[in-house]
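Input: a single structure, listed below in C-alpha cells.
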Amino acid sequence: MNLETTIGALVAKAVETLYGLETKIADIQLQKTKREFEGELTVVIFPFVKAARKSPEQTGREIGEFLQQNNPVISAFNVIKGFLNLSISQKYWLETLNEIHTNSNFGKTPVTDNSELMMIEYSSPNTNKPLHLGHIRNNLLGYSIAEIQKANGWKVVKTNIVNDRGIHICKSMLAWKLFGNGETPQSTGMKGDHLVGKYYVIFDQAYKSEIKELTEKGISEEEAKKSAPLIVAAQQMLFAWENNDPEVRQLWEMMNGWVYAGFDVTYKQLGVDFDKIYYESETYLEGKEKVEEGLENKVLYRREDGSVWADLTADGLDEKLLLRADGTSVYMTQDIGTAKLRYEHYPIKKMVYVVGNEQNYHFQVLSILLDKLGFEWGKSLVHFSYGMVELPEGKMKSREGTVVDADDLMEEMINTARETSQELGKLDNCTPDEIESIAQLVGLGSLKYFMLKVDPRKSMTFNPKESIDFNGNTGPFIQYTHARIKSVLRKAIDQGIEFKSLTSTDLVISEKESYLIQLLTEFPAVVKQAGDEFSPALIANYIYDLVKEFNQFYHDFTILKEENVNIKQFRLVLAESTAAIIKSGMALLGIDVPERM
RNA sequence: GGUCUGGUAGCUCAGCUGGAUAGAGCAACGCCCUUCUAAGGCGUGGGUCAAGAGUUCGAAUCUCUUCCGGAUCACCA
C-alpha cells in the first residue's frame with residue numbers, strides 16, 4: 001500500500017469520525033504540496049467544510065490533528081486557507097529510498113505466463129519511397145508504447161504491415177524499367193529505398209509533363225490525368241501483377257527487396273524492431289474472402305456495377321466501398337484481411353494501431369466493420385492516433401522537396417553530437433569506437449526525446465535547427481546528468497565506499513533530498529498513467545523534472561566530500577537510484593543513456 | 001457544409017479527471033568553474049491561458065456561443 005492510499009484512507013476515517021461524513025477514498029483530493037509551502041502532501045479541505053460546519057482552517061486543523069495522532073509517518077502539518085499540508089517523516093522517505101534502491105524492477109509490472117497479449121502495429125511503410133520525418137514519429141511512438149505496455153505487464157507483439165502492392169510501387173517499377181538503364185543499389189551505391197524513391201519521383205515528373213502536353217492540346221486536366229500513357233501503363237502493370245505475370249512479379253520482388261534492405265538499415269539505426277511483419281500482398285486476398293462472407297450474411301451489399309459496399313448510415317457514417325467493380329480490393333479490405341490473419345496467429349486481447357490522425361475516420365469505420373463482420377474484438381480496437389509533424393514552413397510536401405529524410409536527419413544529429421563532444425573536449429580520453437558510439441547515442445537521444453516529449457495526440461512543429469540544441473529540456477541534458485552520476489559512482493567505488501543500501505535511516509536530510517526521494521516514488525504511477533493514456537510524453541516530462549531537480553542537488557551538495565559517512569552513503573544511494581530511474585525511464589522511450597559523455 | 005481536433009510567454013511545449021500567486025526550455029540580459037563532468041547551476045525581464053457567457057466556495061481545466069487554425073468526409077493509401 002503506498003503513501004497516498006494509506007493517507008487517503010485515514011482522511012476518510014477522520015472525516016467520518018469527526019463529522020459523520022462518509023466519503024469514498026477515491027473522492028478524497030490528495031495532491032503534491034506546492035513547492036512554496038511546507039509539507040509534501042496536501043489534503044483539499046473544501047469538500048468537508050459543509051459537513052464540519054466550521055471554517056476551512058478549523059476543519060483542516062482538526063483533520064490534521066486526527067491524522068497525526070493516528071499515523072506516525074506524518075511528522076507535522078499546517079493549514080493555509082482550505083489546504084491541509086502534511087509533512088512526512090524523514091525516516092519514511094529514507095526507508096522508501098532503501099526499497100527503491102534494492103528493487104531492480106522498480107516501477108514495472110512483471111510480465112508473466114498469464115499476462116494478456118497486446119499487438120501493436122506501427123511503422124506501416126509504403127515500398128515506393130524512403131522513410132521520412134513523419135515515419136520517425138510513428139516508429140518512435142510505436143516502439144515506446146510497446147516498451148511502456150510491457151512495463152505495465154502486457155505481453156507485446158510488435159507488428160508492421162508493409163504496403164508492398166498497389167499502384168504506387170508500379171509507378172516506381174515502370175519508371176525504372178523505362179528510364180533506369182539497369183541501375184541497382186550495387187551499381188549506384190545508393191540505399192535501395194532511396195533508389196526506388198528516386199524512380200517514384202521520376203515517374204511523377206514524367207507523368208506531369210505528359211499531362212501538360214495533353215492539356216496543351218486542349219484536353220481537360222481531369223481527362224489528361226486519366227489518359228496519360230504513363231498512368232495507363234502503370235495500371236496495366238498493376239493488372240499484370242494481380243494476374244501473376246512472371247516478369248512483373250520478378251521486377252516487383254527485386255525492387256521491393258532493395259527497399260527492404262534499405263528499411264532494415266533505417267530501422268536498425270532508429271533502434272526499432274518488429275516481432276512479426278505482414279505484407280499486404282499476402283493479406284489482401286483474405287480480406288476479399290471475408291467480404292464475400294459479409295455478402296452472404298447480408299452485412300454488405302453488391303451494387304449493379306458489381307462493387308461491394310457497407311451501409312454505415314445507421315451508425316451515423318456514410319456508405320463505404322469494399323471491393324471495386326472490377327473485383328480489386330481497397331485499403332479497407334486489406335485491413336480486414338490483415339486483422340483476420342493476425343487474430344488467427346495470436347491470442348490477441350488488445351489490438352493497437354499506431355497511425356496518424358488523418359486516418360481517424362478510416363479506423364472508426366474499420367472498428368464498426370470488423371464488428372459487423374463478426375470479429376468480437378472489432379469494437380475494442382485502439383487507434384493510437386497521433387498528430388502530424390510539420391516544419392516551420394508548414395506541411396512537408398514530397399513534390400516540393402521539403403520532406404525531411406529519416407536517414408539524413410539521423411546522420412545530421414549524430415554529426416552534431418560528435419562535433420559538440422569534440423568542441424567541449426568531453427571525450428578526449430576515449431577511443432575512437434567509444435567516441436562514435438557516444439555520438440550515436442547522444443545524437444539519436446536528442447532526436448528521439450525531441451519527438452517523444454510532446455503529447456502524441458497533438459500535431460507538432462519540427463524545427464531542424466532548434467531540435468539540434470543539446471541544452472535545456474533535451475535528451476542530451478538527461479543523458480549528461482546520468483553520465484555525471486555514473487562518474488561520481490565510479491569514483492566512490494574506486495575509493496572503496498560501500499553503498500549497497502542505507503546502514504542507517506535515522507539521518508537528518510535536507511528538504512531538497514527528501515523531495516528527490518518523493519519524486520522517485522512517483523515513477524510507478526507515471527509508468528502506469530503513460531500506459532493507460534498511451535503517452536510516452538508523460539515519461540519524458542517526468543524524467544526531465546527529476547533530472548532538473550537532481551542537478552540542483554548536485555550543484556548545492558557535495559557527495560564524495562561529505563564528512564558524515566552515513567550522509568555520504570545516503571547521497572550515493574540517492575544518486576544511484578536516480579540514475580537507475582533515468583536509465584529505466586529513458587529505456588521506455590527507446591533512448592539509451594551513456595556511462596560518460 | 002457535416003464530423004473530429006487544436007488555440008497557454010517572442011518561439012517550442014507542460015499544466016486540462018476543477019483547487020493555493022499559471023510553469024519549463026529556447027531566445028535576451030546578468031552572475032557562478034583552484035571543489036564529484038559548466039552538455040551544468042542561479043537570477044532578471046516576458047502572460048487579457050483566442051473572445052464572451054454559464055455552472056461552482058473556486059475555472060487555463062467543465063458546458064454553451066463566437067472567432068481563428070488543422071484533419072477528414074475518394075472506386076488513394
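The sequence lines fix the lettering, A, B, ..., with proteins before strands; numbering per chain opens at 1.
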Would you indicate which nucleotide in [options] comes nearest to any side-chain atom of [X]?
{"X": "A:K458", "options": "B:A77, B:G7, B:A20", "result": "B:G7"}
{"X": "A:N551", "options": "B:G40, B:C13, B:A71", "result": "B:G40"}
{"X": "A:I559", "options": "B:A20, B:A24, B:C36", "result": "B:C36"}
{"X": "A:R324", "options": "B:A38, B:C75, B:A14", "result": "B:C75"}
{"X": "A:N541", "options": "B:A14, B:C36, B:C4", "result": "B:A14"}
{"X": "A:W309", "options": "B:G19, B:C75, B:C73", "result": "B:C75"}
{"X": "A:K548", "options": "B:A24, B:C42, B:C4", "result": "B:A24"}
{"X": "A:K81", "options": "B:A24, B:U21, B:C13", "result": "B:U21"}
{"X": "A:N473", "options": "B:A20, B:C42, B:G25", "result": "B:G25"}

Between A:Y200 and A:F203, ring centroids under 6.0 Å: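 No, the ring of A:Y200 stays outside the 6.0 Å limit from the ring of A:F203, centre to centre.
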Pair A:F450 + A:F462: ring centers closer than 6.0 Å: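 Yes, ring centres under 6.0 Å apart.
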[X] on top of [N]'s base, within under 5.5 Å and under 30°?
{"X": "A:Y554", "N": "B:G41", "answer": "no"}
{"X": "A:F83", "N": "B:A20", "answer": "yes"}
{"X": "A:Y544", "N": "B:A24", "answer": "no"}

Select base, sugar-phosphate, or nothing to describe what [X] touches, counting heavy atoms under 4.0 Å on all strands.
{"X": "A:V44", "result": "base"}
{"X": "A:T461", "result": "sugar-phosphate"}
{"X": "A:K561", "result": "sugar-phosphate"}
{"X": "A:Q29", "result": "base"}
{"X": "A:Y331", "result": "base"}
{"X": "A:F477", "result": "sugar-phosphate"}
{"X": "A:D326", "result": "nothing"}
{"X": "A:M597", "result": "base"}
{"X": "A:S421", "result": "base"}
{"X": "A:K395", "result": "sugar-phosphate"}
{"X": "A:R596", "result": "base"}
{"X": "A:Q359", "result": "base"}

Salt bridge A:K226-A:E221, side-chain N to carboxylate O under 4.0 Å: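 Salt bridge absent between A:K226 and A:E221.
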Short side-chain N/O contact from A:R35 to OP1 or OP2 of B:A20, under 4.0 Å: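 No, no such contact exists.
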Value in whole Å for how far the P atom of B:C36 lies from CD1 of A:I493: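 Answer to the nearest Å: 18 Å.
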Distance in angstrom units between A:E358 CD and B:A77 P, rounded: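 Rounded to whole Å, this separation is 14 Å.
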Base orientation of B:C26, syn vs anti, 90° cut from 0: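 In terms of base orientation relative to the sugar, B:C26 is anti.
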CZ on A:R53 to OH on A:Y19, rounded to 0.5 Å: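 The distance works out to 12.5 Å.
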Atom pair CD (A:E549) and OG1 (A:T578), whose distance is rounded to the nearest 0.5 Å: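 Output value for this atom pair is 10.5 Å.
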State whether the distance check finds a donor on one side and an acceptor on the other, under 3.5 Å, for side chain [X] versus base [N].
{"X": "A:D305", "N": "B:C75", "answer": "yes"}
{"X": "A:N85", "N": "B:A20", "answer": "yes"}
{"X": "A:S124", "N": "B:A77", "answer": "no"}

Worked check of salt bridge (charged side-chain N to carboxylate O under 4.0 Å, His left out) between A:D326 and A:R324: CA-CA 5 Å; A:D326 63 5; A:R324 298 188 184 100; 5.2 Å; no
Near-strand residues of residues 483-491 of chain A, defined as heavy-atom separation under 4.0 angstrom from RNA chain B: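 Heavy-atom contacts with RNA chain B come from A:A483, A:R484, A:S487, A:V488, A:K491.
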Euclidean distance for C1', B:A60 against B:A77 (whole angstrom):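 Roughly 39 Å separates the two C1' atoms.
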Nearest-Å distance once atom P is located in both B:C75 and B:G18: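 Result for the P pair: 43 Å, nearest Å.
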Whether A:Y353 and A:F363 hold their rings parallel, tilted or perpendicular, with breakpoints at 30° and 60°: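 Tilted: the ring planes of A:Y353 and A:F363 meet at 30° to 60°.
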Parallel, tilted or perpendicular, as decided by the 30° and 60° cut-offs, for the rings of A:Y331 and A:H362: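 Correct class here is parallel.
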Over-ring placement of A:R571 relative to A:F557, 6.0 Å and 45° cut-offs: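 That pair does not qualify as a cation-pi contact.
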